[in-house]
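Here the structure comes first, spelled out in C-alpha cells, and everything after it is commentary.
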Amino acid sequence: MGPVALLVLCLSCLLLLSLWIQSSGRRKLPPGPTPLPIIGNLLQLDVKNISKSLSNLSKIYGPVFTVYFGMKPMVVLHGYEAIKEALIDKGKEFSGRGSFPVAEKANQGFGILFSSGKRWKEIRRFSLMTLRNLGVGKRNIEDRVQEEARCLVEELRKTNASPCDPTFILGCAPCNVICSIIFQKRFDYKDKVFLNIMERFNENVKILSSPWIQIYNNCPALLDYFPGSQNKIFKNVDFIKSYVTEKTKEHQASLDIHNPRDFIDYFLIKMEQVKC
Ligand SMILES: *[C@@H]1O[C@H](CO)[C@@H](O)[C@H](O)[C@H]1NC(C)=O
Ligand SMILES: *[C@@H]1O[C@H](CO)[C@@H](O)[C@H](O)[C@H]1NC(C)=O
C-alpha cells in the first residue's frame, strides 16, 4: 500500500471516528442542525451576526437547541421562557459554569465571575455579606452615590451645555462608586490610573465579544502559541491584577482588624480567620 493510500485510509478513519463521536453525543442533546465533522455548524452560522443566526435557528428547532461551534456542542436557550425556566425555576441545577478557557487562563478558576462549585458559593456568600456590611442596599451607601452624583454633575457642567458624548463619563460614575467600595476612595475623572483601568476593562469587553474569542475557546491549546487578541486580554488582566496587588499591600500595612474600611480590608481579615 502506497503512502497516499495509507493517508487516505487514516483520514477516512478519523472522519468516521469524529462522526461517530458526534452522533453518539448528539443522542442525549436537544435537537439542532446536523453538524459536519470538525467544523460543526459553523457554515450555518453567520459569524458577523451570531445572535441573529441563533434567533433564526430557534424558529426551526424551538427555544432549546444544540449548535456545534466546531467540535464543541453548545445548548442554546432562546427567549424569556426558556431562560427563566433554566436560571430561575431550576437555578440550582444550572448554577455551574461551563469551560471558558480565556477566563480560566486569566483567573485560574478564582474570583466571583468565573469560579464554580464550592469555591463560588463561598466567595459569593462572603461578597454579599461584605457588601451588606459596607452599606450596599442600605442607607449609608447613599452618601457615596450622592458624592459621585455631585462630581458627575460638576463634570457635565464643564461642557457649558454644548453637545457632547456622555458615554464615557456615565460609565465612570458607577465604576467610581464600585472603586470607593473596594479601594475606599473614588478617583478623579482625569486620574491617569483610573483612565488606564477603565480603558483596559473596556478593551477586554470588546475583545471578549469578538468571534476570535469563540475560536480561541474552542482550541486554546493551539492558539496559545499564536499572536492574537487573546494575549492583549491577558496583558490587560495582568495590569489590573498588579494594581490591585499593590493596593492590597498598602491595605495590609495599614490594616486595623476592628475597623475595616473597604472590601479589601474585609477580604484580608477573612484570609486571616480562615488561616487559623
Ligand atoms: C444582526 O441582525 C439584526 C437583525 O437583522 C440587526 O438588527 C443587527 O444590527 C445585526 N447586527 C450586526 C452586528 O450586524
Ligand atoms: C435569518 O433569516 C432571514 C430570513 O430567513 C435571512 O434573511 C437572514 O439572512 C438570516 N440571518 C442570519 C444571520 O442567518
Side-chain angles (χ1 to χ4, degrees), residues 15 18-19 21-88 94 97-107 113-114 163-175 195-220 222-224 226-237 240:
L15 205 67
S18 87
L19 271 177
I21 291 174
Q22 244 168 21
S23 67
S24 65
R26 277 183 75 204
R27 259 180 263 137
K28 297 187 214 108
L29 291 168
T34 308
L36 293 170
I38 299 164
I39 60 166
N41 297 118
L42 285 181
L43 296 182
Q44 280 127 309
L45 300 169
D46 177 359
V47 285
K48 287 206 201 77
N49 204 335
I50 297 269
S51 60
K52 182 68 194 156
S53 309
L54 295 179
S55 177
N56 276 1
L57 285 173
S58 81
K59 282 182 201 131
I60 307 171
Y61 298 99
V64 180
F65 57 96
T66 308
V67 176
Y68 280 76
F69 281 87
M71 292 168 72
K72 204 154 129 193
M74 299 209 182
V75 173
V76 179
L77 305 179
H78 186 271
Y80 175 77
E81 286 303 325
I83 291 172
K84 178 177 169 288
E85 187 185 341
L87 299 187
I88 309 283
F94 281 89
R97 266 202 192 281
S99 137
F100 194 39
V102 174
E104 271 153 38
K105 188 160 178 211
N107 302 311
L113 284 184
F114 290 105
C164 68
D165 178 1
T167 314
F168 183 72
I169 195 84
L170 288 179
C172 286
C175 185
L195 292 178
N196 205 340
I197 290 179
M198 288 285 289
E199 202 173 298
R200 284 165 195 256
F201 261 119
N202 284 336
E203 188 175 43
N204 273 7
V205 171
K206 216 175 281 162
I207 299 173
L208 281 173
S209 18
S210 67
W212 172 254
I213 290 304
Q214 297 294 342
I215 300 173
Y216 180 86
N217 277 335
N218 276 291
C219 24
L222 203 68
L223 293 176
D224 268 344
F226 281 89
S229 46
Q230 79 274 12
N231 294 320
K232 187 84 208 166
I233 294 190
F234 301 135
K235 241 165 92 189
N236 288 342
V237 169
I240 294 163

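One-based numbering, in listed order, for ligands and for the atoms of each. All values derive from a computational prediction rather than experimental measurement.
S209 contributes a side-chain N or O that, together with a main-chain N or O of V205, makes up a donor-acceptor pair within less than 3.5 Å. The closest donor-acceptor contact from the side chain of N41 to the backbone of F69 lies at 3.5 Å or more, if one exists at all.
Looking only at heavy atoms of the protein, atom 5 (O) of ligand 1 is closest to K52 CD, 3.7 Å. Protein heavy atom at the shortest distance from atom 13 (C) of ligand 1 is K48 O, 3.9 Å. The protein atom (non-hydrogen) at minimum distance from atom 10 (C) of ligand 1 is N49 ND2, 2.5 Å.
Within the 4.0 Å cut-off (strictly below), no protein heavy atom is located near atom 7 (O) of ligand 2. Within 4.0 Å of atom 2 (O) of ligand 1, at least one protein heavy atom is present.
In this structure, F100 places its CZ atom where more than 12 heavy-atom neighbours from other residues, nucleotides or ligands lie under 6.0 Å away.
Closest heavy-atom approach to atom 14 (O) of ligand 2 within the set D46, I50, N56: this belongs to N56.
Side-chain N/O atoms of R200 and N204 include no donor and acceptor closer than 3.5 Å.
Taking both residues in full, the closest heavy atoms of F94 and A86 are given as CD1-O, 3.5 Å, listed atom of the first, atom of the second, then distance.
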